[in-house]
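Following: one structure in structure tokens, then a few remarks.
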Amino acid sequence: MSEISPRAEISPKAKIGNNCKIFPFVYIEDDVEIGDNCIIFPFVSILSGTRMGSHNKVHQGSVIGALPQDFNFRGEKSECIIGNNNIIRENVVINRATHTGGQTVIGNDNVLMEGAHISHDTKVADRCVFGYGTKIAGDCEIGSGAIFSSSVVENAGTRVGEAAIIQAGTTFSKDVPPYIVCTKRSEFGGVNYTMATNYGIDKKVQKHIANAYRLVFHGQTSLFDAIIQIEQQVPDSPEIRNIIQFLRSSKAGVITKL
């Protein structure tokens, strides 16, 4: 049985799981599903189209499933999908998708700090951290374990690879490949060895990752040729294949070297 304050305004059509705690002045609309063992603190709004998993904590003033801030939005039915074990701190805004059938997705075990904003149709994987005031525009893709320091701005249609870190105050409009540091000037700042180690990536493989990025960022060739050189010169591993796939599928282009 969930503990729901009588001062919360919850639609009778909303589906609330077991063992949830919902504080006063929470507002939950019709087409909402919330899984088991969630805690929803006061003054949170959870709007239609939200599908939330279990063991999430949503703190004061956050808005989940907000209407997309997109001039193409015409009132269509779409979704905002929240996984399990996420911590959503104060005044976070997560928009649902723009068009029918679209989804904004937040995976599992993520931390969104105060004032973070995840825009329409963005896909966030697992175990990511979004620092204070970080803003993620629409149609972005963010891999597992990515870390955004405070006041980062990711512009629309860009991607951040697995285990990358974005330094505080960075604004970027190109893709940030996996396992690297993106500097405040939105430039390549080296391999993110700390996260690579935390991810259990072998030291030898970390050297191979560094060699791959040396070809990309310090070579005198195009990205297309650098990818070929990586395939020919760098020993194969899942991490190297991940880098190659990310670079090859880039539409926005990748950040530049220092």
Side-chain angles (χ1 to χ4, degrees), residues 1-70 73 75-98 102-138 140 142 144 146-148 150 152:
M1 184 66 116
S2 290
E3 180 182 346
I4 300 175
S5 169
R7 290 182 290 176
E9 184 173 345
I10 302 175
S11 167
K13 297 180 181 179
K15 298 178 181 179
I16 310 297
N18 295 318
N19 300 314
C20 292
K21 184 169 184 179
I22 299 179
F23 281 79
F25 313 115
V26 169
Y27 174 72
I28 300 178
E29 290 189 334
D30 293 351
D31 186 22
V32 170
E33 298 177 10
I34 297 176
D36 299 338
N37 301 294
C38 290
I39 300 176
I40 313 298
F41 288 97
F43 303 105
V44 169
S45 296
I46 303 179
L47 307 182
S48 290
T50 299
R51 309 284 181 264
M52 184 180 294
S54 63
H55 295 277
N56 294 291
K57 293 183 180 180
V58 186
H59 288 252
Q60 288 89 333
S62 292
V63 183
I64 311 300
L67 295 181
Q69 298 181 40
D70 184 346
F73 179 60
E76 299 172 49
K77 187 174 181 179
S78 61
E79 292 182 324
C80 175
I81 309 297
I82 311 291
N84 306 317
N85 301 302
N86 295 288
I87 297 174
I88 299 172
R89 294 302 305 259
E90 296 80 2
N91 304 312
V92 167
V93 176
I94 304 174
N95 297 108
R96 63 180 173 94
T98 298
Q103 294 180 335
T104 300
V105 178
I106 309 293
N108 305 313
D109 303 295
N110 297 290
V111 177
L112 288 77
M113 295 185 182
E114 186 272 328
H117 186 161
I118 309 295
S119 295
H120 64 89
D121 299 283
T122 283
K123 307 293 190 294
V124 177
D126 304 326
R127 303 183 304 282
C128 297
V129 176
F130 298 87
Y132 301 108
T134 286
K135 311 298 181 185
I136 310 299
C140 293
I142 298 166
S144 294
I147 296 177
F148 293 71
S150 60
V152 171

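Predicted model only: the values in this text are computed from it and were never measured.
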(request) Not counting sequence neighbours, which residues clear side chain to side chain contact (heavy atoms under 4.5 Å, CB included) with S78? List them please. (result) R96, A97
(message) So does G17 get a backbone contact from the side chain of S2, meaning a donor-acceptor N/O pair under 3.5 Å?
(response) yes
(request) Would you please name every residue forming a side chain to side chain donor-acceptor pair (under 3.5 Å) with S119, sequence neighbours left out? (result) none
(request) Please step through side-chain contact (heavy atoms from CB on, under 4.5 Å) for the pair I106 and I88, ending with a clear verdict. (result) CA-CA 11 Å; I106 309 293; I88 299 172; over 6 Å; no
(request) Assess whether atom NZ of K135 is packed by more than 12 heavy atoms of other residues, nucleotides or ligands within 6.0 Å. (result) yes
(request) Decide yes or no on side-chain contact (heavy atoms from CB on, under 4.5 Å) for F130 and V92, but give the supporting numbers first. (result) CA-CA 10 Å; F130 298 87; V92 167; over 6 Å; no
(message) When you compare the side chain of H117 with that of N95, does any pair of heavy atoms fall below 4.5 Å?
(response) yes
(message) Suppose we screen for ring-ring contact (aromatic ring centres under 6.0 Å, His included). Which residues come up paired with F73, at least two apart in sequence or across chains?
(response) none
(message) Any heavy-atom pair between the side chains of I28 and I16 that's under 4.5 Å?
(response) yes
(message) Regarding N86 and N110, do their side chains bring together a donor and an acceptor under 3.5 Å, going by distance alone?
(response) yes
(message) Using a 3.5 Å distance criterion without hydrogens, assess whether the side chain of S45 forms a donor-acceptor pair with backbone atoms of V63.
(response) no
(request) Measure the OG-NZ distance between S62 and K57 for me, rounded to the nearest 0.5 Å. (result) 14.0 Å
Let me check something: any side-chain donor-acceptor pairs from residues 4-12 under 3.5 Å, sequence neighbours excluded? List them with distances.
| from | atom 1 | to | atom 2 | distance (Å) |
| --- | --- | --- | --- | --- |
| S5 | OG | R7 | N | 3.0 |
| S11 | OG | K13 | N | 3.0 |
| S11 | OG | D30 | OD1 | 2.6 |

(request) Can you sort out the partners of F41 under side chain to side chain contact (heavy atoms under 4.5 Å, CB included), two or more places apart, ordered by chain and number? (result) F23, I39, H59, Q60
(request) May I ask you to test the N108-N85 pair for a side-chain heavy-atom distance under 4.5 Å? (result) no
(request) Report the distance from atom CD1 of I136 to atom CD1 of I118, rounding to the nearest 0.5 Å. (result) 5.0 Å
(request) Only counting residues at least two apart or in another chain, list the ones meeting side chain to side chain donor-acceptor pair (under 3.5 Å) with R127. (result) Y199
(request) Can you sort out the partners of D31 under side chain to side chain contact (heavy atoms under 4.5 Å, CB included), two or more places apart, ordered by chain and number? (result) S48, R51, K77
(request) Please name all residues satisfying side chain to side chain donor-acceptor pair (under 3.5 Å) with Q103, sequence neighbours left out, ordered by chain then number. (result) E79
(message) The criterion is side chain to side chain donor-acceptor pair (under 3.5 Å); which residues satisfy it with T98, sequence neighbours excluded?
(response) D70, H120, D121
(request) Calculate, to the nearest 0.5 Å, the distance between atoms NE2 and CG belonging to H55 and N84 respectively. (result) 7.5 Å
